[in-house]
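Worksheet: one structure, shown below.
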Amino acid sequence: MDGGGSGAAPYGARSAEEVFRDYRARRAGMIKALTTDVDKFFKLCDPEKENLCLYGYPNETWEVTLPAEEVPPEIPEPALGINFARDGMNEKDWLALVAVHSDSWLLSVAFYFGARFGFDKEARRRLFSMINNMPTIFEVVTGSAKKQTKEKTPNSSSKSNKPSSKVQSRAESRSKAKVPKDEDESGDDDGDEEAEEHDNTLCGTCGTNDGKDQFWICCDNCEKWYHGKCVKITPARAEHIKQYKCPDCTNKRARA
C-alpha cells in the first residue's frame, strides 16, 4: 500500500488483515515519534516553519513533513500545522493533542483502503474489531493504556507467581494456555482463562500485545509485562535476574 512518503510500499493489500497490518505498522511509527523519539519529534515541529504533518509509514517509521502537494492526495492527510501550538501549551497536553489527531488519521487511512478495496460489511467489521482491540495512540502517550491493563489483569494470579516464573518467555506461557479443544484432556477452563488474560496483556512500554511468541518479562514490583526488546532484556540475561524491576519502577526509586 502506498504511504505517501519515503516509507511507502506499493499497493498490494486486499484483505482486512493486510490493511490492519498496515495500520499497526503506521501506528508503531507514530508511537515512536511521540514516546521514544519525542525529543527529536519536538525539535522538528518548529512553530516558525510552515504547516507540518506527522506521518506514520508501513515500515514502522515516522516523518514530520509538509502535506502532499497533489490534490486530492493519494491517502487522507494528517492534521495540518501540528507545529504551531508546540510552544503555546504544556508539552504533555500538546503531545496528547497530536496523538488524538494521529488516531483519527490512522482510522481514516485504514477505512480509505477498505473503501478502495471494496470491503463488504463483514470485512469492515473485522477490520474495526482488530483495530479496536489495540489501545489508541492517545492511550499509550497519556499512560491510560497501562492503567487499563492493570485493571484487566487479576492481581491474584500474578501475585501467586514466584519471581522465577515471571522471568520467562511469554511464548511458553501462551503455548501452555492455548490448548486446542480436541487435545485438551483435562476438560477445565483454566487454560482458556489464562489464554484470555495473556491476550489482553499489553506491553508496559509500547502499549501493544504484538509478538506473542517473543520473550516477555514481568516486573516484580508493579507486575506489568514488557517485551524483552522494549526493556533491553534478553532471555539469557533474565535467567540471572532474581528480582526484576522495570525502568519506571527503577526511576521512581532513584527519584525517591
Side-chain angles (χ1 to χ4, degrees), residues 1-45 52-68 73-79 82 95-96 98-114 117 127-128 130-143 145-146 149 170-171 199 201-217 225-234 247:
M1 288 184 292
D2 194 359
S6 60
Y11 276 112
R14 292 294 184 273
S15 70
E17 287 71 24
E18 289 171 306
V19 172
F20 174 68
R21 284 197 291 270
D22 179 87
Y23 167 93
R24 186 172 57 186
R26 294 177 189 272
R27 171 183 174 276
M30 300 179 93
I31 287 177
K32 288 178 184 176
L34 298 172
T35 55
T36 57
D37 299 342
V38 67
D39 291 337
K40 179 181 178 182
F41 172 70
F42 187 89
K43 292 177 182 177
L44 289 173
C45 292
L52 295 176
C53 304
L54 172 61
Y55 284 89
Y57 295 125
N59 59 0
E60 299 189 7
T61 61
W62 60 274
E63 181 182 22
V64 171
T65 187
L66 297 171
E74 180 65 18
I75 61 174
E77 282 298 303
I82 59 172
L95 290 173
V98 175
V100 169
H101 284 290
S102 297
D103 282 317
S104 300
W105 179 68
L106 286 175
L107 281 173
S108 66
V109 170
F111 281 86
Y112 164 82
F113 285 131
F117 300 143
L127 174 59
F128 180 77
M130 289 185 288
I131 291 174
N132 199 42
N133 282 334
M134 302 184 75
T136 63
I137 296 179
F138 174 80
E139 289 172 334
V140 174
V141 170
T142 59
K146 297 180 181 179
T149 303
R170 281 289 296 281
D199 287 338
T201 301
L202 304 177
C203 173
T205 296
C206 67
T208 74
N209 64 352
D210 299 341
K212 297 177 182 179
D213 295 330
Q214 295 179 10
F215 172 74
W216 290 62
I217 188 168
W225 283 96
Y226 295 85
H227 289 115
K229 64 179 182 179
C230 288
V231 291
K232 299 180 179 179
I233 299 291
T234 64

Considering only distance and modelled atom types, tabulate donor-acceptor pairs under 3.5 Å from the side chains of residues 35-43, sequence neighbours left out.
residue	atom	partner	partner atom	Å
Thr35	OG1	Ile31	O	2.4
Thr36	OG1	Lys32	O	3.4
Asp37	OD2	Trp62	NE1	2.9

Test applied, side-chain hydrogen bond (donor to acceptor under 3.5 Å, both in side chains); reference residue, Tyr55; option that passes from Glu77, Glu63, Arg26: Glu77

Met130 side chain reached by Arg24 side chain, heavy atoms, under 4.5 Å: no

Contact check, side chains of Trp105 and Leu54, non-hydrogen atoms, under 4.5 Å: no

Rounded distance [0.5 Å steps], [atom1] in [X] versus [atom2] in [Y]:
{"X": "Asn133", "Y": "Thr208", "atom1": "CG", "atom2": "OG1", "result": "12.5 Å"}
{"X": "Leu106", "Y": "Ile137", "atom1": "CG", "atom2": "CD1", "result": "4.5 Å"}
{"X": "Trp225", "Y": "Cys230", "atom1": "CH2", "atom2": "SG", "result": "14.0 Å"}
{"X": "Phe20", "Y": "Phe113", "atom1": "CZ", "atom2": "CZ", "result": "15.0 Å"}
{"X": "Lys232", "Y": "Tyr226", "atom1": "NZ", "atom2": "OH", "result": "15.0 Å"}
{"X": "Cys203", "Y": "Lys229", "atom1": "SG", "atom2": "NZ", "result": "9.0 Å"}

Of the non-hydrogen atoms in [X] and [Y], which two are nearest, and what is the gap between them?
{"X": "Ala96", "Y": "Thr142", "value": "CB-CG2, 3.9 Å"}
{"X": "Pro135", "Y": "Leu202", "value": "CG-CD1, 3.6 Å"}
{"X": "Pro73", "Y": "Ala68", "value": "CB-CB, 4.3 Å"}

All ring-ring contact (aromatic ring centres under 6.0 Å, His included) counterparts of Phe111, not counting sequence neighbours: none

Check: Glu74 main-chain N/O paired with Tyr112 side-chain donor or acceptor under 3.5 Å: yes

Polar side-chain atom of Ser102 near backbone of Val98 as donor-acceptor pair, under 3.5 Å: yes

Test log, rule side chain to side chain contact (heavy atoms under 4.5 Å, CB included), inputs Leu66 and Leu52: CA-CA 5 Å; Leu66 297 171; Leu52 295 176; 3.9 Å; yes

side-chain contact (heavy atoms from CB on, under 4.5 Å), paired with Arg27, selected from Asp22, Asp103, Ile131, Val140: Val140

